[in-house]
Amino acid sequence: MIESIDELDGFFMSYMPQRGVTGKLRDSRLERMESLLKALGNPERDYKTIHIAGSKGKGTTATIIARALSTGRKTGLYRSPHVYDLRERFTLSGKFFDDRLYIEAANILERTLTALEFRPTTFELYTAFAYILFSISGCEYAVIETGLGGRLDATNTVESIAEVLLPVELEHVDVLGDTIEKIAIEKSKIIKGKSVVAVSDVKDEAYSVFRKEAERMDCQFYSFRDNIKSFYHEDRKDFSLSTFKVGGVSYRIKSRIRSMEIGKNIAVSVLLLSKLSLLSDEAIREIEGITIEGRFEERKEGGKEIVLDVAHTKESIRNLVDTFRTLYDPEKTAVIYSSVEGKDYEGILSLLLSAFNILIITRAGTFKKSDPDLIYAKALQMKRKDQMVYLIRDEKEAFSFSKTLSDIILITGSFYLIGEIGEIND
């Protein structure tokens, strides 16, 4: 029997698959999830669901939609991974549930597992746990973020009323495909029949795939390029400003979460909610007050200005650099960077070295495999003579060292890196 949140974390980790077998487990994930959910009484059917997929911006967009829905509706939010606290994955519109509910849901799940003839993965258990938690707490809506891809993702067991599809990048090409079109096809398979589909500002190849799938499934289709007019975004010192029109209605939103891409996430969220007739002035005010762990998270410590951002794809790093330049002096900034395996670290290094003169390479925590030595070697090849590049494998030591180099520190590249450093700078 699980009796505490600490025990809950250990319970999930005990189901982590061994390295090298994840691909095999992925092939039958939906069958396992369907069997597990049937044994649980299909809790995912107890509320209306909005499903979100894409290469970047999923957690932010899910949070925006959930918080907007929370104005008058009990709304569960399922995101991954967490940054500082396991409970970040399963929240009541961004706020933690009472611990009693987490533990009750965990024990329902644990009892059910004893009767199964197969062993689920940790992510499958996270997903089932979220469904149970939202059910027993009486949620009316749930906003669900996919993990990897969409078609075979464990979350693709919900009958969603709406889906949001976000920008697609070349990621996890060994699993999802080696072109934007192939990856978009994988992500498009979260679209359910006769639902409402909202598509963000995506590349042409992805747009064509998403539109075709929505038409095939007889859905209402809305997109950033077709339905959001006069979009403008500006990052200021104390807030970000996004202005746009949807259906002839003008919006002017001052957000505490920054960047052009987040402005677009806000716009597509407003588009979806307006088409679902779930948008209100109160919801807009709720969106304006959102802060999210590790999304341009600004802190001060002993005269140091510290920015933590979980950007980990080339385009999200490009967006981060553009935003950072408007608020801080890149030439006076020390950057701590790490990447888990499978990311375009060379492309990211080119962006970082084009903007910053001090770069510290470290590991991306210990949860997923990373190779800081390989990244450091590539950075040495790419840097200019006047730039300083360091290798400090331990992320906590890297953070301590960065404070001897500059009063402005940017930490980015991995959820796991932000989680490790953010906890010691808390």
Side-chain angles (χ1 to χ4, degrees), residues 26 29-31 33-34 37 42 44-45 47-62 64-66 69 75-80 123 127 130-131 134 141-169 171-172 175-177 179-228 246 264-265 267-278:
R26 181 177 168 77
R29 170 168 282 177
L30 291 184
E31 290 82 357
M33 278 301 297
E34 287 166 358
L37 294 175
N42 293 108
E44 77 283 2
R45 299 176 183 174
Y47 35 79
K48 299 172 184 177
T49 300
I50 296 173
H51 205 183
I52 299 175
S55 298
K56 60 179 182 177
K58 292 179 294 183
T60 303
T61 305
I64 292 166
I65 293 172
L69 285 173
T75 304
L77 171 61
Y78 176 46
R79 300 181 307 168
S80 62
F123 186 74
T127 302
Y131 295 165
F134 301 157
Y141 284 86
V143 182
I144 307 293
E145 173 191 344
T146 59
L148 174 62
R151 180 175 63 91
L152 296 178
D153 192 75
T155 65
N156 203 23
T157 43
V158 294
E159 286 298 323
S160 43
I161 63 166
E163 299 84 30
V164 181
L165 292 158
L166 298 168
V168 173
E169 293 186 40
E171 55 156 2
H172 306 292
V175 176
L176 302 180
T179 67
I180 293 296
E181 182 179 13
K182 289 178 181 178
I183 295 172
I185 289 171
E186 289 290 314
K187 295 181 186 296
S188 75
K189 297 305 180 181
I190 70 166
I191 295 175
K192 304 300 187 294
K194 300 186 182 301
S195 63
V196 177
V197 178
V199 173
S200 190
D201 187 20
V202 301
K203 296 176 181 177
D204 290 345
E205 306 97 303
Y207 175 88
S208 297
V209 167
F210 295 155
R211 187 175 189 107
K212 182 178 179 179
E213 183 67 12
E215 290 173 350
R216 188 181 75 83
M217 299 298 289
D218 194 23
C219 298
Q220 299 176 53
F221 181 85
Y222 305 99
S223 69
F224 188 97
R225 68 174 64 182
D226 299 323
N227 301 100
I228 295 174
V246 173
K264 291 178 179 179
N265 293 343
V268 79
S269 299
V270 168
L271 171 63
L272 175 74
L273 293 167
S274 67
K275 298 305 179 182
L276 291 171
S277 300
L278 294 172

*Rounded to the nearest 0.5 Å, what separation is found between the OG1 atom of T157 and the NE2 atom of H51?*
7.5 Å

_Atom pair CG/CD1 of L69 and I50 - distance to nearest 0.5 Å_ = 5.0 Å

*Are C219 and I191 side-chain neighbours, meaning at least one heavy-atom pair lies under 4.5 Å?*
yes

*Taking only residues two or more places apart in sequence, or in another chain, which ones meet R225 in a salt bridge (charged side-chain N to carboxylate O under 4.0 Å, His left out)?*
D204

*Using modelled atom types only, decide if a donor and an acceptor are shared between the side chain of D153 and the backbone of G147 within a distance under 3.5 Å.*
yes

_Pairwise side-chain contact, I65 with L273, heavy-atom cut-off 4.5 Å (strictly under)_ = yes

*Please round to the nearest 0.5 Å and tell me the distance separating atom OG1 of T127 and atom OH of Y78.*
3.0 Å

_Exceeds 12 heavy-atom contacts within 6.0 angstrom, atom CD of E205_ = yes

*Taking all non-hydrogen atoms of both residues into account, name the closest pair between L166 and V164 and its distance.*
CD2-CG1, 3.9 Å

*Are S195 and E163 side-chain neighbours, meaning at least one heavy-atom pair lies under 4.5 Å?*
yes

*asked:* Distance alone, cut at 3.5 Å: any donor-acceptor contact between the side chains of E44 and T49?
replied: no

*Within a strict 4.5 Å, meaning less than it, do heavy atoms of the S55 and K187 side chains meet?*
yes

*Is E213 salt-bridged to K189, going by a charged N under 4.0 Å from an acidic O?*
yes

*Does K275 NZ have over 12 foreign heavy atoms under 6.0 Å away?*
yes

*Would you call R211 and E215 a salt bridge, using N to O less than 4.0 angstrom?*
yes

*Under a 4.5 Å cut-off applied to non-hydrogen side-chain atoms, are L30 and L152 in contact?*
yes

*For residues K192 and N156, is any side-chain donor paired with an opposing acceptor at under 3.5 Å?*
yes

*Can you find a pair of side-chain heavy atoms, one from V246 and one from N227, that are under 4.5 Å apart?*
no

_Spatial distance of atom CG (D226) from atom CZ (F221) [nearest 0.5 Å]_ = 6.5 Å

*Is there a donor-acceptor pair closer than 3.5 Å between any side-chain N or O of K264 and the backbone N or O of S200?*
no

*Does any N or O in the side chain of Y131 come within less than 3.5 Å of the main-chain N or O of T155, such that one atom is a donor and the other an acceptor?*
yes

*asked:* Taking the side chain as everything from C-beta on, heavy atoms only, tell me whether I190 gets closer than 4.5 Å to L165.
replied: yes

*If you round to the nearest 0.5 Å, how far is CG of L176 from CD of E169?*
12.5 Å

*Looking at CG of L278 and OH of Y141, how far apart are the two atoms once the value is rounded to the nearest 0.5 Å?*
4.5 Å

*Is there a donor-acceptor pair closer than 3.5 Å between any side-chain N or O of T75 and the backbone N or O of A142?*
no

*Heavy-atom side-chain proximity of Y222 to L272 below 4.5 angstrom*: no

